[in-house]
Amino acid sequence: MSAWEAEHCRIVRLEDGFIRSVGLGADLIQPLSWALDTRGIYYDATQPSDLENLLQNYRFDTALLGRAHALRQRLVAAGLTKYNVGTATWQRPTVANPVILVPGQVESDASLAFGAPGLRSNLDLLKAVRLANPAAYILYKPHPDVVAGLRKRGQGEDEARQWCDEIVVDVAMGALLEQVDAVHTLTSLSGFEALLRGKQVVCYGLPFYAGWGLTEDVLAVDRRTRTLQLDELVAATLILYPTYVSRSSGQFTTPEQALDELLRWRGQTPVLPWWRLWLRGFLKIEILLKACFRK
């Protein structure tokens, strides 16, 4: 950025939010929430963001914390997560050992490029989790965009089964989180969703929710010096930071009203319009051709 641009231009970075939709972003499903950030963006740990600033400095009052607590309880009770996809069921195995969920990520995403300075692949994460927890029952869930064929698989991800006990695909994240003991992740939002449910979370990267005393962190961000309570994290992440836009009216709305819309949305039969089905086919062909040319 030039000196003139720095003086006269205001940059606002835009990303979809954390209570998003019923359906995948790669399918161009319209989100209910947006992150608009004037400092950086929440997944970029190399610099401060508006969310990090809130978490580090905001003084949370009793009313806001009560609202955050109620919002968290509603989310957990309804089983809502970011995408709200998955129809299959999963039953926790009858083992005495702890059950650990490892959520897969899209390895080309910026959240890994800017939030995972150490390990940066799903396979390396699985290996690290297995080596640190040899007796655990490790469950691996590939990213839904990858499962749908809309984003390419991670490097060496075909070997995932060698490092976990089970791979689950079409199971809703909320249902899985209720049954596991812990989540081990690079930067996945699933770690935040596990915290909402009181689960142990181990971070091998630097997601926005790490470094505040709520997670077990392999790495550290020196800027994050505050110890937070869970409802303080929720208040900043789901109430103060995002902007919510109603799917029905197109007007600004609240996170509570966005939850109401998500519940109604989830109860409807999903139907993708023809152009989204066409886009899915195009993306799958593109990924296949790229894989062929690499060979």
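K141 places no side-chain N or O within 3.5 Å of a backbone atom of G104 that could act as its donor or acceptor partner. No donor-acceptor pair under 3.5 Å is formed between the side chain of R224 and the backbone N or O of A220. No donor-acceptor pair closer than 3.5 Å links the side chain of D16 to the backbone N or O of P31.
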Take L195 and L230 through the side-chain contact (heavy atoms from CB on, under 4.5 Å) test and state the conclusion after the steps. CA-CA 8 Å; L195 287 177; L230 178 56; 4.1 Å; yes
Run the side-chain contact (heavy atoms from CB on, under 4.5 Å) check on Q200 and V202 step by step: do they pass? CA-CA 7 Å; Q200 178 197 38; V202 180; 4.3 Å; yes
Could you please spell out the steps behind the side-chain hydrogen bond (donor to acceptor under 3.5 Å, both in side chains) verdict for S111 and D109? CA-CA 5 Å; S111 64; D109 272 2; 4.7 Å; no
Using side-chain contact (heavy atoms from CB on, under 4.5 Å), reason through V129 and K127 one step at a time and then give a plain yes or no. CA-CA 5 Å; V129 175; K127 289 179 180 179; over 6 Å; no
Pair R39, D44 - check salt bridge (charged side-chain N to carboxylate O under 4.0 Å, His left out), show working. CA-CA 10 Å; R39 288 180 174 84; D44 184 358; over 6 Å; no
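Taking the six-membered ring for Trp and the full ring otherwise, Y42 and F192 have centroids separated by 6.0 Å or more.
A donor-acceptor contact under 3.5 angstrom links the side chains of Y241 and D37, judged on distance only. Defined by atom type and a distance below 3.5 Å, a donor-acceptor pair is missing between the side-chain atoms of E232 and Y58. A donor and an acceptor atom, one from each side chain of Q257 and S246, are nowhere located under 3.5 Å apart.
Closest heavy-atom contact between L36 and T243: CD1-OG1, 3.7 Å. Closest non-hydrogen pair, L126 versus C164, comes out as CD2-CB, 4.1 Å. In terms of heavy-atom proximity, V201 sits nearest to G191 at CG2-O, 3.4 Å. Summarising the geometry of L219 relative to P117, their closest heavy-atom pair is CD1-CG, 3.7 Å, with the distance given to 0.1 Å. Considering all non-hydrogen atoms of both residues, I239 and P255 come closest at CG1-CG, 4.2 Å. Here the closest non-hydrogen pair linking P103 and Y140 is C-CE1, 4.3 Å.
The side-chain tip of R247 points at the ring of W265 from less than 6.0 angstrom away and within 45° of straight on.
Within the structure, every pair that satisfies the side chain to side chain donor-acceptor pair (under 3.5 Å) test and touches residues 68-77, not counting sequence neighbours, is listed here: H69-R72, H69-Q73, H69-D231, R72-D231, R74-D260.
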Side-chain atoms of residues 173-180: list all donor-acceptor pairs with protein atoms under 3.5 Å, sequence neighbours left out, distances to 0.1 Å.
| residue | atom | partner | partner atom | Å |
| --- | --- | --- | --- | --- |
| Q179 | OE1 | R92 | N | 3.0 |
| Q179 | NE2 | W90 | O | 2.7 |

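A salt bridge links R223 with E52: the distance from a Lys NZ or Arg NE/NH1/NH2 to an Asp or Glu carboxylate oxygen falls below 4.0 Å. Using a 4.0 Å cut-off between charged side-chain N and carboxylate O, K199 and D181 make no salt bridge.
Taken to the nearest 0.5 Å, the CG atom of L64 stands 5.0 Å off from the CG atom of L240. To the nearest 0.5 angstrom, L101 atom CG is 10.5 Å from E166 atom CD.
Counted within 6.0 Å of CD on Q155, heavy atoms from surrounding residues, nucleotides or ligands total 12 or fewer; the atom is thus considered open. For Q229, the CD atom sits in a loose shell: 12 or fewer heavy atoms of surrounding residues, nucleotides or ligands are nearer than 6.0 Å.
Contact annotation: the side chain of T185 approaches that of Q105 to within less than 4.5 Å [non-hydrogen atoms, C-beta and beyond].
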